[in-house]
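This report concerns only the one structure given below.
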Amino acid sequence: MTFLRRFAIRHCSLSRGLGALSPASLGSVTLHRLGVEKLPSRGRPFTGHNDTHTSWLHTETPESVEVDLKRLDGEDTGIAEVLMCRQKAKNALGRVFVSQMRELVSSLHHDTAVRVVVFRSLVQGVFCAGADLKERAEMNHSDSDLFVHGLRSLMTEIALLPMPTVAAVDGFALGGGLELALACDLRTAANSAQMGLIETTRGLLPGAGKTTRSHMRAHTHQLPSCHLSLFGIMSSASFPLYILSPIGGSQRLPRAVGFALAKELIFTGRRVDGQRAVDMGLVNRATEQNSDGDAAYREALSLAREILPQAPIAVRMAKEAMNRGMEVDITSGMAIERMCYARVIPTRDRQEGMAAFIEKRPPRYTGE
């Protein structure tokens with residue numbers, strides 16, 4: 001694992017051009033531009049965690065790689081990892097970092113081959129340090145507004161990924177770093193990790209995902225009126241024909257831990273460790289840190305492997321039903337659930353699940 005971490009970190013620090021990388025040095029690791037260009041391999045295959053092969057996605061620009069994508073192969077095919085590797089700035093949310101992550105997240109939105117996404121850091125002791133305050137101080141008001149708009153869009157796009165997402169918090173996740181983790185569906189943490197929405201200590205409030213009215217319109221989900229009418233629901237002020245996507249830290253934290261506790265954490269800017277975080281419901285699992293510093297990642301990978309064999313369309317529809325349903329009243333939420341359920345009925349995976357149960361064998365889901 002130590003060798004793998006060093007290799008991955010070295011990869012992320014290279015130029016985005018392919019010229020600096022030799023096929024011989026990469027073995028069977030494949031470098032992709034949107035997952036299509038493969039380098040030949042020689043010698044013994046390079047293998048990732050648990051003997052799974054990996055493939056990397058990045059674009060060919062002069063910028064250094066601060067965020068990359070790794071697709072696992074073998075028994076872990078269907079798991080993708082978003083790798084944060086901005087070493088010197090501790091994965092701070094700067095222009096290049098946010099731009100590269102938005103590019104990768106966008107590439108995942110319509111990728112039906114990916115069933116689970118794990119967000120992890122390759123920077124020892126840090127998940128994401130939050131805003132890049134040095135870079136932000138050099139921006140004028142217009143540049144700052146544009147950048148924050150992009151950052152808010154990123155958080156929304158992560159939350160809107162159709163497949164389950166898991167944040168592996170192996171170190172500090174502060175301010176925007178915790179907001180990034182909160183945009184994921186599930187979170188694992190090392191007991192030694194430190195998490196907090198500390199914006200009030202800097203004269204701000206949590207809001208990397210907060211959105212303006214114009215931005216809300218750009219990120220709403222249209223629910224066809226014909227579908228709604230099937231369940232007796234008509235467009236109205238109480239139930240418009242769109243469901244707003246979740247917003248930022250001041251909204252997601254209360255949904256995760258409850259309003260009273262969220263207010264206490266935000267008002268005080270308090271940091272909590274992994275064990276306290278799991279006790280309050282901020283993370284799903286916490287574990288003792290290991291010598292490689294990636295215990296939360298290993299726990300996240302274990303969780304992803306539990307999700308992987310389940311019917312992917314059913315899992316996506318379950319996520320859709322829960323995310324949309326929590327934003328509306330229970331009656332409207334039940335209607336959303338019925339719509340999502342209706343989309344699962346005609347799938348081959350549903351038929352396979354029933355057949356596997358009758359034949360007393362494990363199901364083989366294909367996502368169809």
Side-chain angles (χ1 to χ4, degrees), residues 28 30 32 35 45 47-55 57 69-82 105 107-120 158-168 184-188 221 223-224 226-227 230-231 243 283-285 287 296-326 330 333-368:
S28 65
T30 55
H32 292 250
T47 56
H49 184 69
N50 199 31
D51 295 328
T52 58
H53 297 163
T54 62
S55 59
L57 176 133
L69 182 70
K70 180 172 72 172
R71 299 172 187 271
L72 303 192
D73 294 332
E75 293 183 355
D76 289 331
T77 296
I79 299 175
E81 297 178 354
V82 174
V105 170
S107 75
L108 291 170
H109 266 278
H110 303 290
D111 192 336
T112 57
V114 175
R115 300 188 180 187
V116 192
V117 179
V118 175
F119 286 76
R120 63 175 298 206
I158 292 172
L160 293 179
L161 280 170
M163 69 289 289
T165 54
V166 188
C184 295
D185 299 305
L186 308 170
R187 288 161 292 282
T188 62
H221 290 284
L223 296 179
C226 59
H227 288 178
L230 289 175
F231 307 107
I243 304 299
V283 304
N284 298 80
R285 300 181 181 183
T287 183
Y297 162 66
R298 292 180 185 236
E299 194 67 31
L301 188 57
S302 174
L303 184 53
R305 286 170 175 158
E306 290 183 45
I307 298 170
L308 189 59
Q310 314 313 323
I313 297 176
V315 170
R316 288 181 178 220
M317 288 299 97
K319 173 174 176 173
E320 188 86 352
M322 288 185 282
N323 283 358
R324 292 190 177 193
M326 70 182 293
I330 186 67
M334 294 296 289
I336 292 169
E337 180 185 78
R338 288 195 295 272
M339 284 188 289
C340 292
Y341 189 86
R343 292 183 63 181
V344 174
I345 293 300
T347 64
R348 293 181 180 178
D349 279 354
R350 184 192 67 84
Q351 297 171 353
E352 167 63 14
M354 296 298 102
F357 177 77
I358 294 170
E359 297 167 14
K360 298 182 179 180
R361 60 170 175 81
R364 295 182 292 273
Y365 296 120
T366 61
E368 300 176 340

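Owing to the predicted nature of the structure, the values given are computational and were not obtained by experimental measurement.
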Worksheet item: Okay, side chain of T188, backbone of A296: is any donor-acceptor separation there less than 3.5 Å?
Response: yes
Discussion item. Applying the side-chain contact (heavy atoms from CB on, under 4.5 Å) criterion to L301, which one of E306, E81, R120 satisfies it?
Written reply: E81
Worksheet item: Looking at V118, I158, V117, which hits side-chain contact (heavy atoms from CB on, under 4.5 Å) with C184?
Response: I158
Give, for atom [atom1] of [X] and atom [atom2] of [Y], the distance between the pair rounded to the nearest 0.5 Å.
X: D185; Y: N323; atom1: CG; atom2: CG; answer: 6.0 Å
X: L160; Y: H109; atom1: CG; atom2: NE2; answer: 6.0 Å
X: K319; Y: M163; atom1: NZ; atom2: CE; answer: 7.5 Å
X: Q351; Y: I345; atom1: CD; atom2: CD1; answer: 10.0 Å
X: I79; Y: K70; atom1: CD1; atom2: NZ; answer: 10.5 Å
X: I313; Y: M317; atom1: CD1; atom2: CE; answer: 8.0 Å

So which heavy atom on [X] is nearest to which on [Y], and how close?
X: R115; Y: G367; result: NH2-N, 4.3 Å
X: Y365; Y: G353; result: OH-CA, 3.5 Å
X: I336; Y: A321; result: CG2-CA, 4.2 Å
X: A314; Y: V344; result: CA-CG2, 4.2 Å
X: P164; Y: I307; result: CG-CG2, 4.0 Å

Worksheet entry | Salt-bridge contact R348-E352 (side-chain N to carboxylate O under 4.0 Å) |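 Salt bridge: no.
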Worksheet item: How far apart are the C-alpha atoms of L108 and V82, what are their side-chain angles, what is the distance that settles it, and do they pass the side chain to side chain contact (heavy atoms under 4.5 Å, CB included) test?
Response: CA-CA 10 Å; L108 291 170; V82 174; 4.3 Å; yes
Practice prompt. Could you pull out all residues at least two apart from R350 that satisfy salt bridge (charged side-chain N to carboxylate O under 4.0 Å, His left out)?
Written response: none
Worksheet entry | Listed partners of E299 passing salt bridge (charged side-chain N to carboxylate O under 4.0 Å, His left out), at least two apart | R285
